[in-house]
Amino acid sequence: MHTSGSIDPHLQSVVEAAESDERLQRIVVVCGSTVYVGIPVSTRKFLFQTRDAFAEEVKKEMAPTWKTSRQEKERLAAERANDLIAAISPGDQAATPELLSLSPATVHPPGLTSYEVPALRIHLRQVDAWWIAPFRDHQAKFRGGGVGVGMEF
């Protein structure tokens with residue numbers, strides 16, 4: 001994983017464009033053996049997306065047990081989501097030029113599982129490779145077979 005040296009100025013330009021609320025296309029970022037795919041967005045949008053996703057999760061948790069109106073559930077969920085954002089942010093929505101925010105995003109760690117997330121951030125010094133050019137996905141081909149274990153007694 002790349003952790004020292006300079007940051008690619010072209011990638012830095014992507015972050016600056018996102019922080020300026022430019023509408024950008026999908027980007028693929030490779031950090032170590034993990035691949036991230038998403039739309040570059042501003043720090044402000046990252047915080048809004050995170051807050052909104054958390055509020056939706058809170059509403060889902062409340063739904064079966066809380067006997068309150070939909071408006072009250074939304075108010076309580078928004079309040080809890082705002083508390084979360086206040087806890088994880090430095091008190092403002094200022095641009096962070098050393099971090100790339102993606103929303104929505106998909107994380108492809110090594111293995112067969114991938115994760116769709118509402119928003120994530122990547123430190124630019126962790127980026128090993130990236131591209132924004134169109135590409136085609138090729139699914140891994142699995143051939144029949146398996147693991148055999150032999151035992152002799």
Side-chain angles (χ1 to χ4, degrees), residues 1-140:
M1 189 177 296
H2 181 70
T3 57
S4 62
S6 62
I7 294 171
D8 181 335
H10 299 284
L11 182 56
Q12 186 71 58
S13 292
V14 171
V15 171
E16 290 168 6
E19 291 294 351
S20 296
D21 289 325
E22 294 284 333
R23 188 177 160 115
L24 301 172
Q25 297 299 313
R26 175 177 69 170
I27 187 171
V28 179
V29 179
V30 179
C31 301
S33 58
T34 301
V35 176
Y36 302 89
V37 181
I39 306 295
V41 297
S42 66
T43 298
R44 181 180 47 76
K45 184 154 185 172
F46 164 81
L47 291 169
F48 287 151
Q49 293 294 97
T50 300
R51 183 200 63 206
D52 291 350
F54 184 69
E56 283 302 312
E57 196 67 25
V58 170
K59 282 193 285 190
K60 286 178 190 174
E61 290 174 5
M62 282 193 260
T65 58
W66 288 46
K67 304 293 184 212
T68 61
S69 69
R70 183 177 58 86
Q71 291 84 4
E72 182 65 8
K73 286 179 185 176
E74 286 179 6
R75 187 191 67 73
L76 291 169
E79 188 176 291
R80 287 191 54 200
N82 286 332
D83 289 346
L84 169 75
I85 293 302
I88 67 169
S89 66
D92 63 26
Q93 299 169 4
T96 49
E98 68 281 357
L99 296 168
L100 172 64
S101 300
L102 302 178
S103 181
T106 305
V107 181
H108 300 274
L112 299 176
T113 302
S114 64
Y115 305 94
E116 291 182 17
V117 297
L120 64 82
R121 303 192 85 191
I122 302 166
H123 197 287
L124 296 183
R125 294 200 185 275
Q126 300 299 313
V127 175
D128 293 315
W130 67 278
W131 63 91
I132 55 175
F135 64 92
R136 285 179 276 160
D137 295 323
H138 295 282
Q139 297 300 318

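For the numbers below, each heavy atom of this structure counts, side chains included, while hydrogens, waters and symmetry mates do not.
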Output, in order, the C-alpha distance, side-chain angles, deciding distance and verdict of side-chain contact (heavy atoms from CB on, under 4.5 Å) for D8 and V127. CA-CA 9 Å; D8 181 335; V127 175; over 6 Å; no

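Residues P97 and Q12 are in side-chain contact: their nearest non-hydrogen atoms beyond the backbone lie under 4.5 Å apart. Side chains of I85 and F48 form no contact here, defined as non-hydrogen atoms less than 4.5 Å apart. Between L99 and F46, the closest side-chain pair of non-hydrogen atoms is not below 4.5 Å.
Here the CG atom belonging to L120 is positioned 8.0 Å from the OG atom belonging to S101, to the nearest 0.5 angstrom. Atom CG of D52 and atom CD of E57 lie 13.0 Å apart (nearest 0.5 Å). Here the CG-CZ distance, from L84 to R80, works out to 9.5 Å after rounding to the nearest 0.5 Å. Atom-to-atom distance recorded for I122:CD1 and L11:CG is 9.0 Å, nearest 0.5 angstrom. For the atom pair OG of S6 and CG of L124, the computed distance is 11.5 Å after rounding to the nearest 0.5 Å. The line from CD1 of I39 to CD of Q25 is 6.5 Å long, rounded to the nearest 0.5 Å.
Heavy atoms from other residues, nucleotides or ligands lying under 6.0 Å from CD of Q71 number more than 12.
Listed here is the closest heavy atom pair of V29 and C31: CG1-SG, 3.9 Å. Annotation for T34 and P110: closest pair OG1-CD, 3.9 Å, computed over non-hydrogen atoms. What you find for G32 and D128 is that their closest heavy atoms are N-OD2, 2.6 Å. Closest approach of K73 to K59, counting heavy atoms only: O-CG, 4.0 Å.
At a threshold of 4.0 Å, the pair E56-K60 does not count as salt-bridged, since none of the basic side-chain nitrogens sits closer than that to a carboxylate oxygen. We find that D21 and R44 are joined by a salt bridge, their nearest charged nitrogen and carboxylate oxygen being less than 4.0 Å apart.
For the side chain to side chain contact (heavy atoms under 4.5 Å, CB included) criterion with W130, the lone passing option out of V30, V14, V28 is V14. Screening L102, T96, L100 against R121 for a side chain to side chain contact (heavy atoms under 4.5 Å, CB included) leaves a single residue, T96.
Applying the side chain to side chain donor-acceptor pair (under 3.5 Å) definition to pairs two or more places apart or across chains, those involving residues 103-115 are Q49-S103.
In this view, A55 and A77, A81 satisfy the side chain to side chain contact (heavy atoms under 4.5 Å, CB included) rule, not counting sequence neighbours.
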